[in-house]
Asker: 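Please find one structure pasted underneath; my questions will follow.
Each chain gets a letter, A, B and so on, in the order its sequence line appears, and its residues count up from 1.
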2 protein chains.
Amino acid sequence: MTALSDHRTAIRPTMADVAAEAHVSVKTVSRVVNHEPGVRPDTAERVRAVIERLGFRRHDGARMMRQGRTFTIALVVEDLANPFYSQIGAAVEREARIRQHQLITASAEGSPTRERAVIEALINRRVDGIVVVPADESASSDAAVEASQTPIVYMDRPVRGTPRDTVLSDNHGGIRSAVEHLVAHGHRSIALFGDDPAFWTARQRREAFVATHQSLGLPGSARVSMGPHSPTSVRETLTRWTQTADPTTAVITGNNRITIALLLALRDLRLPLSLVGYDDFELADLVDPPVTVVHQDPAAMGQKAAQQLFARLLGDESPAQTVVMPTRLVVRGSGLRRSPASR
Amino acid sequence: MTALSDHRTAIRPTMADVAAEAHVSVKTVSRVVNHEPGVRPDTAERVRAVIERLGFRRHDGARMMRQGRTFTIALVVEDLANPFYSQIGAAVEREARIRQHQLITASAEGSPTRERAVIEALINRRVDGIVVVPADESASSDAAVEASQTPIVYMDRPVRGTPRDTVLSDNHGGIRSAVEHLVAHGHRSIALFGDDPAFWTARQRREAFVATHQSLGLPGSARVSMGPHSPTSVRETLTRWTQTADPTTAVITGNNRITIALLLALRDLRLPLSLVGYDDFELADLVDPPVTVVHQDPAAMGQKAAQQLFARLLGDESPAQTVVMPTRLVVRGSGLRRSPASR
DNA sequence: GGCAGGCATGACAGCGTTGTCTGACCACCG
DNA sequence: CGGTGGTCAGACAACGCTGTCATGCCTGCC
């Protein structure tokens with residue numbers, strides 16, 4: 001019971017406390033704690049006993065400070081509750097965990113300003129690296145961020161400026177597979193309900209749709225309605241397009257929410273349209289008919305991004321790389337041609 | 001350009017660099033950075049200019065170390081990709097963010113061992129507090145954790161041992177509302193498909209079901225089938241129970257997954273059963289018929305837990321408190337009595 | 001017996017901040 | 001003109017750990 005341990009008995013014990021109690025130096029305690037070689041077994045045992053008795057736990061903050069790394073990476077997304085992002089989060093956390101790192105997750109709520117603030121806070125903490133699903137394309141290619149030297153991997157959307165590691169989904173291939181699937185089932189008049197063109201992915205998918213429409217030589221010009229969409233707006237557009245001389249017989253929806261709006265509209269209107277949705281969703285095979293979707297694999301994307309990041313942390317100095325992850329068409333029935341009477 | 005800033009020019013500049021460049025002391029830089037009073041405006045301006053020029057950013061790790069707090073809280077759950085947990089995560093992160101804290105999220109993958117390891121790692125980092133959805137009831141009422149003094153709030157399931165702050169969902173009330181709803185619509189023979197009784201919540205819901213069954217004076221003994229369930233097992237049990245002299249006319253499912261299994265079974269069997277599911281799910285109103293559910297509000301629970309935690313961090317010393325969050329019955333149609341011919 | 005070499009251990013500095021204390025300088029007052 | 005008090009600034013130590021280097025001791029060999 002030295003004076004040292006006395007006055008801090010309420011506080012957590014430090015290596016100094018352990019050292020005093022075990023009659024060794026702080027460095028020896030450090031060696032024991034970190035399983036470094038060069039400590040006689042009996043000394044080590046004695047130290048361990050004191051550690052146990054005092055309930056000592058190494059202060060990782062101090063350690064990080066000394067070593068200059070935090071064993072922490074961060075993930076910045078728009079909204080953690082969104083399944084697309086939470087699957088990414090789970091995957092990134094997993095990669096971090098198996099490498100003894102911890103993950104700080106932060107939401108930017110879609111605001112570029114907030115996103116920048118969040119990233120700066122993370123940099124101030126000296127996280128070892130960051131995975132970002134950027135809110136907009138200008139995002140954080142900020143001088144301060146550049147200067148920080150903190151490795152960053154972008155996901156789902158690219159950013160302008162200096163090339164950076166980026167993991168994207170194959171929007172073009174996804175849309176093409178959807179169109180081809182519908183065409184293979186006899187459809188010729190296919191429409192796209194896309195998301196707000198403010199989103200890069202929405203624009204990508206629109207372009208892919210138009211391009212595929214042309215390259216397959218489908219008649220007429222491609223029917224496209226970009227968002228934002230409400231169930232009502234979807235219904236109106238749909239009604240219009242199915243009453244032309246060349247009625248739309250199949251639709252592709254640009255994301256999850258639109259798929260749902262469309263399903264509701266279809267149910268109300270009792271229209272026998274075929275449908276391929278972009279983005280899988282949990283109960284796609286429970287609705288009637290089960291919805292065929294273009295499945296992007298957020299978990300795989302998150303994993304890939306984390307792996308890229310860790311490669312950088314391990315010293316990979318190769319030029320920034322952009323990886324495009326494939327999508328998969330999950331055929332469930334809604335993409336087949338149905339006659340109006342089938343229900 | 002002093003020798004100091006020279007040899008570290010590649011590395012991030014520190015307050016010492018700024019101080020040297022601005023011909024002031026480190027402490028003055030600190031004061032400027034932290035907007036402390038007592039710095040002449042022109043001095044402050046000069047310092048700020050150098051900060052800007054050098055791209056200095058305060059090293060929060062050092063700050064934390066000095067101040068003894070990390071401005072970090074942590075959330076430990078089973079699986080971040082699970083919507084129940086990711087909604088909690090989003091809510092907790094939000095509470096943290098508005099209080100200038102950051103959130104470390106960690107998955108324990110349902111393993112008590114891993115959970116303990118994860119929590120110890122977080123304690124070693126000196127996170128200011130932890131929100132835990134414990135994997136089992138013995139969880140982490142571990143001596144080491146106790147001794148760490150780190151405030152912990154438990155969620156969804158209580159733990160044994162010393163009372164701790166806990167936020168639970170009103171399983172009893174939720175089940176009762178489900179039963180009462182079905183009874184109000186004429187059902188007398190109601191069955192429960194519960195989850196694996198290894199889970200505390202599953203046991204709670206079973207007990208609530210049995211108790212409500214009795215207190216409402218329903219005929220016969222309560223029909224209960226506890227998990228784990230597969231779609232097949234559900235189908236078999238269901239077939240059996242609907243072929244007795246007193247056929248089951250309504251079921252309550254103990255969670256999300258079971259609800260889905262049951263919906264699949266119902267579709268195959270073309271049984272006209274009424275259904276109330278426990279746990280809301282995203283497309284509950286898109287399936288046919290829309291599923292009536294007992295809605296627990298994970299976001300509200302997470303928010304509550306985080307608020308409790310921050311109260312502790314601000315010095316609240318009152319005895320540990322258990323909060324039971326209410327559930328809400330969302331009536332959507334599947335709970336009404338239907339005749340076999342209605343479809 | 002003397003010395004090289006290996007092993008166990010310790011002293012010390014330093015990671016980048018901030019809290020405390022001290023000091024320089026100036027103005028104002030009696 | 002000495003004393004009082006206020007403002008601005010800096011010196012210094014400390015937070016808890018680890019990397020580097022030094023030291024002491026023992027063994028073994030010539």
Asker: Could you say whether G38(B) or H59(A) is positioned toward the 5' end of DNA chain D, judged by the nucleotide with the nearest heavy atom to each?
Answerer: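 The residue closer to the strand's 5' end, by nearest nucleotide, is G38(B).
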Asker: Pull out every residue in residues 62-72 of chain A that has a heavy atom closer than 4.0 Å to any atom of DNA chain C, ordered by number, or say none.
Answerer: M65(A), R66(A)
Asker: Does S318(B) offer a backbone N or O that forms a donor-acceptor pair with the side chain of R312(B) under 3.5 Å?
Answerer: yes
Asker: Quick one: does any side-chain atom of D17(A) pair with a main-chain N or O of T14(A) as donor and acceptor, under 3.5 Å?
Answerer: yes
Asker: I'd like to know if the side chain of D156(B) reaches the main chain of V133(B), judged simply by a donor and an acceptor atom lying under 3.5 Å from each other, with no hydrogens or angles considered.
Answerer: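 Flag not set: sc D156(B) to bb V133(B) has no pair under 3.5 Å.
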Asker: Quick one: is S25(B) getting a side-chain N or O under 4.0 Å of the dA11(D) phosphate, OP1 or OP2?
Answerer: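 So the side-chain polar atoms of S25(B) never come under 4.0 Å of the phosphate oxygens OP1 or OP2 of dA11(D).
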Asker: Side chain to side chain contact (heavy atoms under 4.5 Å, CB included) for I104(B) and R125(B)? Distances and angles first, verdict last.
Answerer: CA-CA 11 Å; I104(B) 294 181; R125(B) 280 205 169 208; 4.0 Å; yes
Asker: OP1 or OP2 of dT9(C) versus the side-chain N and O atoms of T43(A): is any pair under 4.0 Å?
Answerer: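 Yes, such a contact exists.
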Asker: How close or far is atom C1' of dG16(C) from atom CG of N124(A), stated in whole angstroms?
Answerer: 13 Å
Asker: Taking the side chain of T14(A) as its heavy atoms from C-beta onward, which of dT18(C), dG16(D), dT18(D) lies nearest to it?
Answerer: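 Nearest to the side-chain atoms of T14(A), counting from C-beta on, is dG16(D).
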Asker: Of L80(B), V92(B), I88(B), which is the lone residue that meets side chain to side chain contact (heavy atoms under 4.5 Å, CB included) with T105(B)?
Answerer: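 In the set L80(B), V92(B), I88(B), the residue that makes a side chain to side chain contact (heavy atoms under 4.5 Å, CB included) with T105(B) is L80(B).
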Asker: Return the value, rounded to whole Å, for the distance between atom CZ of R125(B) and atom P of dG16(D).
Answerer: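 My rounded result for the distance is 18 Å.
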Asker: Please state whether the phosphate of dG10(C), meaning OP1 or OP2, lies under 4.0 angstrom from any side-chain nitrogen or oxygen of T28(A).
Answerer: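 For dG10(C), OP1 or OP2 has a side-chain N or O of T28(A) closer than 4.0 Å.
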Asker: Strictly below 4.0 Å, N to O, side chains only: are K304(A) and E95(A) in salt-bridge contact?
Answerer: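 No salt bridge links K304(A) with E95(A).
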Asker: Starting at NE2 of H23(A) and ending at P of dA11(C), how long is that distance when rounded to a whole Å?
Answerer: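 It works out to 14 Å between those atoms.
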Asker: Measure from CE on M15(B) to C1' on dT17(C) and round the result to the nearest Å.
Answerer: 6 Å
Asker: Would you mind classifying the nucleic acid contact of V33(B) as base, sugar-phosphate or nothing, using non-hydrogen atoms under 4.0 angstrom?
Answerer: nothing
Asker: Any base atoms under 4.0 Å from R31(A), or only sugar-phosphate, or nothing? Heavy atoms, all strands.
Answerer: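 Since a base atom lies under 4.0 Å of R31(A), the category is base.
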Asker: dG16(C) P sits how many Å from I51(B) CD1, rounded?
Answerer: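 For the pair I51(B) CD1 and dG16(C) P, the rounded distance is 16 Å.
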Asker: Between atom CG in D60(B) and atom P in dT17(C), what is the gap in whole Å?
Answerer: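 Taking atom P of dT17(C) as the reference, CG of D60(B) is at 9 Å.
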Asker: To the nearest Å, how far apart are L54(A) CG and dG16(D) C1'?
Answerer: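 Rounded to whole Å, this separation is 15 Å.
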Asker: Below 4.0 angstrom, N of the basic side chain to O of the carboxylate: do E137(B) and R157(B) qualify?
Answerer: no
Asker: Between K27(B) (NZ) and dG10(D) (C1'), how many Å, whole number?
Answerer: 10 Å
